[in-house]
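What follows is a set of notes on a single structure, which appears directly below.
Remember, it's a predicted structure, so these values are computed and weren't measured experimentally. Below, read A as the first sequence line, B as the second, and so on, with proteins coming before strands; counting in each chain starts at 1.
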There are 2 protein chains.
Amino acid sequence: MSRVHLTQSAAPAAGRSSPPALALDTIVRGDCVAAMDRLPEKSVDMIFADPPYNLQLDGTLHRPDQSRVDACDDHWDQFASFEAYDAFTRAWLLAARRVLKPTGTIWVIGSYHNIFRVGASLQDLGYWILNDVIWRKTNPMPNFRGRRFQNAHETLIWASRDQKAKSYTFNYESLKAANDDVQMRSDWLFPICNGGERLKDGAGEKVHPTQKPEALLARVLMAASRPGDVVLDPFFGTGTTGAVAKRLGRHFIGIEREQAYIDAAEARIAAVEPLDGASLTLVTGKRALPRVAFVSLIEAGLLAPGMTLTDSRRRWTATVQADGSLMTDGEQGSIHKMGARVQGLDACNGWTFWHFEEAGTLKPIDALRQKVRDGMAAAG
Amino acid sequence: MSRVHLTQSAAPAAGRSSPPALALDTIVRGDCVAAMDRLPEKSVDMIFADPPYNLQLDGTLHRPDQSRVDACDDHWDQFASFEAYDAFTRAWLLAARRVLKPTGTIWVIGSYHNIFRVGASLQDLGYWILNDVIWRKTNPMPNFRGRRFQNAHETLIWASRDQKAKSYTFNYESLKAANDDVQMRSDWLFPICNGGERLKDGAGEKVHPTQKPEALLARVLMAASRPGDVVLDPFFGTGTTGAVAKRLGRHFIGIEREQAYIDAAEARIAAVEPLDGASLTLVTGKRALPRVAFVSLIEAGLLAPGMTLTDSRRRWTATVQADGSLMTDGEQGSIHKMGARVQGLDACNGWTFWHFEEAGTLKPIDALRQKVRDGMAAAG
DNA sequence: ATTCATAATGAATCCAATA
DNA sequence: ATATTGGATTCATTATGAA
């Protein structure tokens with residue numbers, strides 16, 4: 001077992017329990033199923049997996065200029081049959097599911113050679129697919145023979161542990177803010193990994209045939225993990241997941257069989273400078289704010305029993321009751337229930353629906369909720 | 001059995017044998033497996049299939065404005081389990097493979113709910129996947145609860161009958177000429193089917209919950225079939241495949257269970273005006289002839305096949321071809337190649353050279369490219 | 001006729017905390 | 001475990017109606 005020492009704190013994020021005796025920020029050498037079986041169950045927050053694609057190449061491909069295409073023909077990408085690939089896939093997906101926390105999610109990347117088998121196995125094992133995400137390549141390799149479309153994308157599947165797992169980590173507001181304030185789509189555009197980022201050996205040969213771009217991993221980690229989280233990569237390769245995790249203040253556990261890849265990954269990760277923690281804070285929306293009981297507005301003296309609230313266009317009115325309910329048309333209930341009732345809807349956000357009058361103008365009671373929250377913050 | 005009469009010739013393309021006793025340009029009512037089993041083996045040139053997605057929706061979804069999302073909850077999309085869906089999938093894929101010519105290919109469209117199972121079944125049955133193709137939607141439905149990425153694409157799988165089938169139909173040169181002389185990628189951008197193209201009933205309700213855009217089918221048919229070919233659609237719905245096939249001079253065989261869909265499809269297809277045969281010729285050059293794809297102007301309805309383009313001083317003219325090429329003086333090629341040819345030059349920017357007439361004035365097609373670019377920018 | 005404002009809607013596996 | 005309840009959440013396009 002190798003260990004990469006981080007300069008950043010290894011303390012877990014506030015409010016998230018960390019498993020005991022989990023060797024963080026290390027690369028485990030060996031078979032990923034055996035290695036995962038040695039980890040505690042429900043111990044990792046996210047899994048990113050870039051398994052063998054089972055490319056089934058035969059023969060050598062040449063470019064139109066007769067140069068040879070350096071194919072991915074490594075022994076670890078060879079399987080005897082679809083059945084053998086399926087058995088391999090089920091085995092590692094099952095082991096991964098055991099170590100994944102209930103709030104955790106898994107990402108698997110693949111191409112049309114293997115991704116359909118991976119997706120079906122995910123579903124068969126009880127994972128619940130949240131999205132498939134398309135990595136559109138700005139600079140894919142052409143189809144040299146002109147017999148197919150240029151294969152210009154790869155597919156990622158994002159899945160939770162099971163259908164019931166509703167509270168998985170997803171930094172929706174961060175992604176939206178990063179995307180010109182529109183929600184992030186399922187198609188992402190990135191260049192392939194080349195240039196200075198691509199690891200080369202002494203002879204100038206690429207160290208790994210399928211090194212993924214750090215930008216892709218960065219979006220994955222920013223979307224589905226938080227600072228301090230533990231990210232597992234069972235097919236670590238040359239450590240893109242680890243490098244990005246370290247940079248983004250996440251912990252990683254890598255599993256890899258080939259010592260040459262481990263060596264390259266360790267050197268690579270050691271050179272990564274973690275971002276300052278202040279750069280890593282996430283945008284949080286209203287969802288993350290503490291709840292405020294409507295009655296606390298009355299208790300704080302911001303509203304008084306007997307006061308009349310209306311909607312923004314004064315079509316409906318309701319009376320504030322001392323117990324924190326509203327009364328309208330002889331019916332009594334929460335601000336939400338009564339807002340829905342007068343409109344004939346199933347649901348309503350009473351905080352933004354109901355207004356009070358101040359200095360001749362109508363203001364939503366949501367403005368008063370903010371005052372209460374400010375007071376809560378001041379009180380610690 | 002219903003029959004739609006075409007005005008175009010039903011003669012097969014020269015050099016391609018046509019099966020005997022194959023009722024062309026008709027919609028067969030009934031189960032697709034039984035109907036395909038009644039067709040002669042190796043009788044169709046291409047299959048396009050839009051099977052049920054098995055969405056597994058649960059409960060009702062509301063938009064933030066409390067309006068209800070009109071979900072696809074039709075009985076035909078309900079399956080008891082993944083096993084039941086797999087059995088259904090294998091059955092129709094097997095029947096489809098029997099009727100497909102050795103030179104034929106199959107296209108299947110789906111989403112992450114079903115496409116992985118479809119893809120695995122395709123491979124298990126011996127089909128050979130050529131590409132997966134991503135339909136990126138310019139205007140997908142948002143994720144209203146902010147719990148996932150906006151599901152902004154669907155996936156098509158393109159496969160040949162088996163690995164040995166090397167001489168499948170693929171109009172590589174046409175696609176390339178139509179795509180600004182770079183080979184067509186595996187990610188395609190189209191709007192969803194809405195507006196005037198979307199079939200509505202007397203009450204203004206959509207006739208079919210999942211009608212596909214004609215532009216998508218047009219690219220599929222232009223890529224993998226030739227004029228006179230027979231295109232089978234075992235899940236015909238409201239007949240997008242048939243409408244596009246008729247317009248592009250292909251024959252179709254539709255299979256559909258619901259009479260209401262058949263009625264809508266027949267009326268729709270009857271109203272389709274086939275393109276002139278001269279507009280449908282394909283580029284066949286072996287070498288590369290001379291970036292918004294010119295074909296996307298056609299797919300977007302900004303230009304129509306058969307339209308005449310001229311240079312700014314009306315010295316030369318050319319005709320827009322359905323495959324996205326131009327024809328002039330009996331020669332056919334990209335907008336750049338044809339611009340260069342008429343001027344006797346080595347190279348030419350077809351975007352600024354070729355003009356179309358609008359309200360009596362000539363405008364460069366580059367103005368239309370900007371419109372398409374605006375749509376691309378909107379999609380990220 | 002044109003512009004602007006408002007409403008409607010599309011293959012969607014769409015919540016979290018408390019009782 | 002289930003039931004209840006608070007209250008957070010949408011993008012691009014088309015259709016409709018007002019000015």
Side-chain angles (χ1 to χ4, degrees), chain A residues 103 123 127-132 159-160 163-168 170 172-173 176 179-186 284-294 324 333-337 339-340 346-354 366 369, chain B residues 50-74 76-79 82 109-115 135 137-155 191-198 200 204-206 208-213 237 374-375 377-380:
Chain A
T103 55
Q123 292 177 315
Y127 286 100
W128 192 244
I129 297 179
L130 299 169
N131 281 110
D132 58 342
S160 63
Q163 184 176 4
K164 307 184 311 296
K166 299 287 189 184
S167 58
Y168 54 84
F170 181 52
Y172 174 79
E173 287 84 5
K176 184 175 175 180
N179 193 39
D180 209 18
D181 284 325
V182 292
Q183 59 183 208
M184 189 68 76
R185 293 167 49 109
S186 57
T284 57
K286 287 196 208 171
R287 267 188 285 237
L289 294 174
R291 283 196 178 176
V292 173
F294 178 65
S334 71
I335 55 173
H336 313 294
K337 280 276 192 288
D346 291 332
C348 166
N349 184 339
W351 289 109
T352 53
F353 178 74
W354 293 111
D366 206 28
R369 179 167 63 159
Chain B
D50 183 10
Y53 285 12
N54 187 26
L55 286 187
Q56 306 179 57
L57 302 177
D58 175 54
T60 56
L61 179 65
H62 292 86
R63 298 186 180 81
D65 65 4
Q66 302 299 328
S67 65
R68 198 175 64 82
V69 175
D70 184 20
C72 176
D73 53 0
D74 300 75
W76 48 255
D77 199 47
Q78 311 294 326
F79 292 84
F82 283 132
I109 186 169
S111 66
Y112 65 85
H113 311 84
N114 72 322
I115 198 64
W135 169 27
K137 303 181 182 182
T138 58
N139 49 349
M141 189 184 297
N143 183 285
F144 295 115
R145 302 298 291 269
R147 294 296 299 152
R148 305 183 176 195
F149 298 96
Q150 183 181 29
N151 190 12
H153 72 276
E154 295 191 25
T155 300
I192 62 175
C193 180
N194 248 329
E197 185 183 324
R198 189 76 191 233
K200 303 283 176 64
E205 298 288 314
K206 56 192 179 194
H208 194 284
T210 69
Q211 186 182 338
K212 295 295 179 291
D374 292 344

To the nearest angstrom, the CD-P distance between E197(B) and dA15(D) comes to 12 Å
Atom CD1 of I192(B) and atom C1' of dT14(D) are separated, to the nearest Å, by 10 Å
Within the 4.0 Å heavy-atom criterion, would you say R369(A) contacts the bases, only the backbone, or no part of the nucleic acid? sugar-phosphate
Testing dA11(C), dT13(D), dT9(D) for proximity to the side chain of N139(B), the answer is dT13(D)
Expressed as a whole number of Å, how far does the C1' atom of dA18(D) sit from that of dA1(C)? 14 Å
Quiz item: Base, sugar-phosphate, or nothing: which does D77(B) touch, judged by heavy atoms less than 4.0 Å apart?
Solution: base
To the nearest angstrom, the CZ-C1' distance between R63(B) and dA7(C) comes to 11 Å
Item checked: Charged N-O contact under 4.0 Å between K212(B) and D50(B) -> yes
- Message: Between dG10(C) and dT10(D), how far apart are the two C1' atoms, rounded to whole Å?
- Response: 12 Å
Practice item. Mind checking V182(A) for me? I need base, sugar-phosphate or nothing, with any heavy atom below 4.0 Å counting as a touch. Key: sugar-phosphate
Practice item. Report yes or no: is the cationic atom of R147(B) (NZ for Lys, CZ for Arg) under 6.0 Å from the centre of the six-membered ring of Y168(A), at an angle within 45° of the ring normal? Key: yes
Checking all strands, does E173(A) fall into the base, sugar-phosphate, or nothing category for heavy-atom contacts under 4.0 angstrom?
sugar-phosphate
Is S334(A) touching bases, backbone alone, or none of the nucleic acid, heavy atoms closer than 4.0 Å? sugar-phosphate
From the candidates dA11(C), dT10(D), dA12(D), the one with an atom nearest any side-chain atom of D50(B) is dA11(C)
- prompt: What is the nucleic acid contact for K200(B), judged by heavy atoms within less than 4.0 Å: base, sugar-phosphate only, or nothing?
  reply: nothing
Between NZ of K206(B) and P of dT13(D) the distance, given in whole Å, is 18 Å
Counting only Watson-Crick and G-U wobble pairs with both atom distances below 3.5 Å, the stems of 3 or more consecutive pairs that include DNA chain C are C:2-10 with D:11-19, C:15-19 with D:2-6
| message | For the residue pair H113(B) / S111(B), report whether a side-chain donor-acceptor contact shorter than 3.5 Å exists. | response | yes
Closest of dA11(C), dT9(C), dT13(D) to the D65(B) side chain is dT9(C)
Rounded to the nearest 0.5 Å, the CD atom of Q56(B) sits from the CD atom of Q123(A) at a distance of 7.5 Å
Taking dT5(D), dG7(D), dA11(C) as options, the one with an atom nearest any side-chain atom of H336(A) is dG7(D)
Carboxylate-amine/guanidinium proximity below 4.0 Å for R68(B) and D346(A) = no
Whichever of D181(A) and W351(A) has the more 5' nearest nucleotide on DNA chain D, that residue is W351(A)
Handout entry: Touch class at under 4.0 angstrom, heavy-atom based, for C348(A) against every strand present
Key = base
Just to be sure I understand the rule, does P213(B) reach a base, reach only the sugar-phosphate, or reach nothing, if contact means heavy atoms closer than 4.0 Å?
nothing
Notebook entry, point to check: Can you check whether F149(B) and Y172(A) have ring centres sitting under 6.0 Å from each other?
Noted result: no
* Asked: Looking only at atom types and distance, does a side-chain atom of N139(B) sit under 3.5 Å from a main-chain N or O of I192(B), one as donor and one as acceptor?
  -> yes
**Item:** Nearest-Å distance once atom P is located in both dA12(D) and dC14(C)
**Value:** 22 Å
| Heavy-atom side-chain proximity of P142(B) to Q183(A) below 4.5 angstrom | yes
key: Centroid-centroid distance, H208(B) to W76(B), less than 6.0 Å   = yes
Practice item. Could you check whether P191(B) gets within reach of a base, just the sugar-phosphate, or nothing at all, counting any heavy atom under 4.0 Å? Key: nothing
**Asked** Near D58(B) CG, under 6.0 Å, is it more than 12 heavy atoms from other residues, nucleotides or ligands?
**Response** no
Regarding the side chain of Q66(B), the nearest nucleotide among dT14(D), dG7(D), dT9(D) is dT9(D)
Given 3.5 Å as the limit, does a donor-acceptor pair link the side chain of D73(B) with the main chain of L57(B), or not? no
Heavy-atom contacts, protein to nucleotides 14-19 of chain C, under 4.0 Å, summarised as B (base), S (sugar-phosphate only) or - (none) per nt, yield BBSS--
*When we call it a touch if two heavy atoms are under 4.0 Å apart, what does I129(A) touch: a base, just sugar-phosphate, or nothing?*
base
Looking across every strand, which nucleic acid part, if any, lies under 4.0 Å from G350(A) by heavy atom: base, sugar-phosphate, or nothing? nothing
